[in-house]
A.B. asks: 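The structure follows.
If you read the sequence from its start, that first residue is 1, and numbering goes on from there. These numbers come from a predicted model, not from an experiment.
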Amino acid sequence: PTLSAFYRFMLAAIILFVILKVKFPKEKVLKEDKFKFALGGLFGVTIYFIFENSAVAYTSASNVAILIASIPVFTLFTQKIIYKEKLTYGKMIGATLSLIGIIIIVASKERVSLLSKGSIGDFMTLGAVFSWIIYNIVCSSFKGNYKVITITTYEIMWGALFLSPSLFFSTLQVPSTKVILNILFLSIFCSCIGYVIYVHCLKDLGATVITTYINLQPIMSLIAAGVILNEVVTIWQIVGCVVIIMGVTLVTFDGRLN
């Protein structure tokens, strides 16, 4: 799992670095922010993906999905403690609803057993949750005013560097064409494009709102599974989707309708 993450982010780092140097060759990084870029790569790439990718070997994918969906709830309280963000009822109810919606969708597919028998996989997933929260905090506190691609490029470069020791602890083998295409897809769409969009939205919307949007992911997965794989969508999955959308809407429009 760690080696696959390294390949993904190494390719993404190369692509982003070339684009950055071609489009914005004069972009400079302040000395005091270089350490923060390294921290962003450590927590938002390396630690997060080591925990999340490895967790599925020790616990169910359902448990991982539900625990990852708790990110908005934890983010809400960390933003309150660190940045004194107002803890409104709309945000609290919205973040909680998005989590409940995930639980409904996941529980409709298979049995859920969170933290049963002290599952190491569940605790690894919680490690991923808290590393992503730290990543959000780091990305919200740069001294300089940087372009989004600058932040993303250097954080992913650091993340790939921290993942590189996996080359010495894994059995190297020639990947199949399917695996290569999957890694390319992850590198281009999920790492390059996805991280650039995420950092841009984080700057504009703040951590509480943007992390709540992450919980729309299962809805997109259900739509894709229905359209591409012809999977049947159950009534409980539809109910879960509605609850998630209600939660995201509450967080998004909280305080804007007054």
Side-chain angles (χ1 to χ4, degrees), residues 5-6 8-10 12-13 15-17 19-20 23-24 27-53 67-87 91 95 98 125-163 186-217 248 251-252 254:
F6 167 69
R8 165 185 172 176
F9 286 101
M10 178 192 68
I15 294 168
L16 287 170
F17 185 76
I19 295 172
L20 176 65
K23 294 282 289 181
F24 309 105
E27 182 86 328
K28 301 295 182 183
V29 176
L30 297 177
K31 274 187 179 181
E32 51 264 53
D33 285 332
K34 289 181 179 178
F35 180 65
K36 290 181 181 177
F37 282 145
L39 280 180
L42 178 64
F43 287 100
V45 175
T46 308
I47 295 177
Y48 179 85
F49 280 96
I50 287 175
F51 276 136
E52 188 186 55
N53 287 7
L67 290 170
I68 291 295
S70 68
I71 287 176
V73 177
F74 286 113
T75 299
L76 196 65
F77 290 104
T78 54
Q79 290 294 111
K80 168 66 176 177
I81 295 168
I82 297 173
Y83 297 111
K84 310 301 179 184
E85 183 178 306
K86 188 177 180 182
L87 207 62
K91 287 179 180 177
S98 71
T125 308
L126 285 175
V129 168
F130 288 111
S131 69
W132 193 257
I133 291 169
I134 294 171
Y135 171 70
N136 283 329
I137 293 170
V138 170
C139 282
S140 302
S141 59
F142 293 117
K143 294 278 186 182
N145 185 22
Y146 305 107
K147 291 177 175 60
V148 170
I149 192 171
T150 304
I151 298 171
T152 311
T153 299
Y154 286 110
E155 288 183 340
I156 285 182
M157 285 174 65
W158 276 107
L161 180 64
F162 290 134
L163 285 167
L186 289 171
S187 296
I188 295 168
F189 291 96
C190 301
S191 295
C192 293
I193 299 174
Y195 268 74
V196 166
I197 292 173
Y198 185 87
V199 173
H200 172 75
C201 294
L202 182 63
K203 290 174 73 174
D204 280 1
L205 301 175
T208 301
V209 175
I210 192 61
T211 52
T212 307
Y213 271 88
I214 292 174
N215 285 353
L216 292 174
Q217 183 179 342
V248 172
V251 172
T252 303
D254 180 62

A.B. asks: Per the side-chain hydrogen bond (donor to acceptor under 3.5 Å, both in side chains) rule, what does the pair list look like for residues 152-162, sequence neighbours excluded?
C.D. replies: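 Pairs touching residues 152-162 that pass the test: Tyr135-Glu155.
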A.B. asks: So how far is it from Ile149 CD1 to Leu16 CG, rounded to the nearest 0.5 Å?
C.D. replies: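 One gets 5.5 Å once the value is rounded to the nearest 0.5 Å.
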A.B. asks: If you draw a 6.0 Å radius around CG in Asn145, do more than 12 non-hydrogen atoms from other residues or ligands fall strictly inside?
C.D. replies: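 No.
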A.B. asks: Would Thr150 and Phe24 count as a side-chain contact (heavy atoms from CB on, under 4.5 Å) if you check the C-alpha gap in whole Å, the side-chain angles of each, and the deciding distance to 0.1 Å?
C.D. replies: CA-CA 9 Å; Thr150 304; Phe24 309 105; 5.6 Å; no
A.B. asks: Atom CZ of residue position Phe142 - does it have more than 12 heavy atoms of other residues, nucleotides or ligands inside 6.0 Å?
C.D. replies: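 Count over threshold, so yes.
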A.B. asks: Judged by atom type as modelled, is there a donor-acceptor pair below 3.5 Å linking the side chain of Thr211 to the main-chain atoms of Thr208?
C.D. replies: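 Yes: the side chain of Thr211 pairs with the backbone of Thr208.
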A.B. asks: Report the distance from atom CD of Gln79 to atom NZ of Lys84, rounding to the nearest 0.5 Å.
C.D. replies: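 Separation between the atoms: 12.0 Å.
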A.B. asks: Does Phe189 have any side chain to side chain contact (heavy atoms under 4.5 Å, CB included) partners at least two apart in sequence or in another chain, and if so, which?
C.D. replies: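 Counting only residues at least two positions away or on another chain, Phe189 forms a side chain to side chain contact (heavy atoms under 4.5 Å, CB included) with Phe185, Ile193.
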A.B. asks: Indicate the atoms forming the closest heavy-atom contact of Met157 with Ala13, along with that distance.
C.D. replies: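 Heavy-atom minimum between the residues: CG-CB, 3.7 Å.
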A.B. asks: Just to verify, what does Phe51 make a side chain to side chain contact (heavy atoms under 4.5 Å, CB included) with, not counting sequence neighbours?
C.D. replies: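 Phe51 satisfies side chain to side chain contact (heavy atoms under 4.5 Å, CB included) with Ile47, Met124, Ala128 once adjacent residues are dropped.
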A.B. asks: Please check: side-chain N/O of Asp33 versus main-chain N/O of Gly144, any donor-acceptor pairing under 3.5 Å?
C.D. replies: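 Here the side-chain-to-backbone pair exists.
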A.B. asks: Within this structure, what is the NZ-NZ distance for the pair Lys31 and Lys143, rounded to the nearest 0.5 Å?
C.D. replies: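 Here the rounded value is 15.5 Å.
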A.B. asks: Does the plane of the ring in Tyr195 sit parallel, tilted or perpendicular to the ring in Phe49? Use 30° and 60° as the thresholds.
C.D. replies: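 The arrangement is tilted - the two ring planes meet at 30° to 60°.
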A.B. asks: Return the set of residues passing side chain to side chain contact (heavy atoms under 4.5 Å, CB included) with Ile82 (not counting sequence neighbours), or none when no residue passes.
C.D. replies: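 Partners of Ile82 by the side chain to side chain contact (heavy atoms under 4.5 Å, CB included) criterion, ordered by chain and then number, come out as Ile137.
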A.B. asks: With rounding to the nearest 0.5 Å, note down the distance linking CG in Leu67 to CZ in Phe74.
C.D. replies: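 Here the rounded value is 8.5 Å.
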A.B. asks: Between Thr46 and Phe9, is the side-chain contact (heavy atoms from CB on, under 4.5 Å) condition met? List the steps.
C.D. replies: CA-CA 9 Å; Thr46 308; Phe9 286 101; over 6 Å; no
A.B. asks: Should Ile156 and Phe17 count as side-chain neighbours, where that means a heavy-atom distance under 4.5 Å?
C.D. replies: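 No. Closest side-chain heavy atoms not under 4.5 Å.
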A.B. asks: Looking at Gln217, I'd like to know if its CD atom is crowded, meaning that more than 12 non-hydrogen atoms belonging to other residues, nucleotides or ligands lie closer than 6.0 Å.
C.D. replies: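 For Gln217, atom CD is not crowded (no more than 12 foreign heavy atoms under 6.0 Å).
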A.B. asks: Assess whether side-chain contact (heavy atoms from CB on, under 4.5 Å) is satisfied between Asp204 and Ile210, documenting all intermediate values.
C.D. replies: CA-CA 9 Å; Asp204 280 1; Ile210 192 61; over 6 Å; no
A.B. asks: Rounded to the nearest 0.5 Å, how far does NE2 of His200 lie from CG of Leu205?
C.D. replies: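 Going from the CG atom of Leu205 to the NE2 atom of His200 covers 8.0 Å.
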A.B. asks: Which is it for Tyr48 and Ile68 under the side-chain contact (heavy atoms from CB on, under 4.5 Å) test, yes or no, and what are the steps along the way?
C.D. replies: CA-CA 11 Å; Tyr48 179 85; Ile68 291 295; 3.8 Å; yes
A.B. asks: Identify the two heavy atoms, one from Val73 and one from Ala95, that lie closest to each other, and give their separation to 0.1 Å.
C.D. replies: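 Distance-wise, the nearest heavy atoms are CG2-O, 3.9 Å.
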A.B. asks: Under 3.5 Å, which donor-acceptor pairs link side chains of residues 38-45 to any protein atom two or more places apart or in another chain?
C.D. replies:
none

A.B. asks: Could you pull out all residues at least two apart from Glu85 that satisfy salt bridge (Lys or Arg N to Asp or Glu O under 4.0 Å)?
C.D. replies: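 Partners of Glu85 under the salt bridge (Lys or Arg N to Asp or Glu O under 4.0 Å) test: Lys91.
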A.B. asks: Identify the heavy atoms of Ser191 and Ser187 that sit nearest to each other, and give their distance.
C.D. replies: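 That would be CB-O, 3.3 Å.
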A.B. asks: Which heavy-atom pair separates Ala69 from Asn215 by the least distance, and what is that distance?
C.D. replies: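 Nearest heavy atoms, Ala69 then Asn215: O-ND2, 3.2 Å.
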A.B. asks: What's the spacing between Ile71 CD1 and Ser131 OG if we round to 0.5 Å?
C.D. replies: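 Taking CD1 in Ile71 and OG in Ser131, the distance rounds to 7.5 Å.
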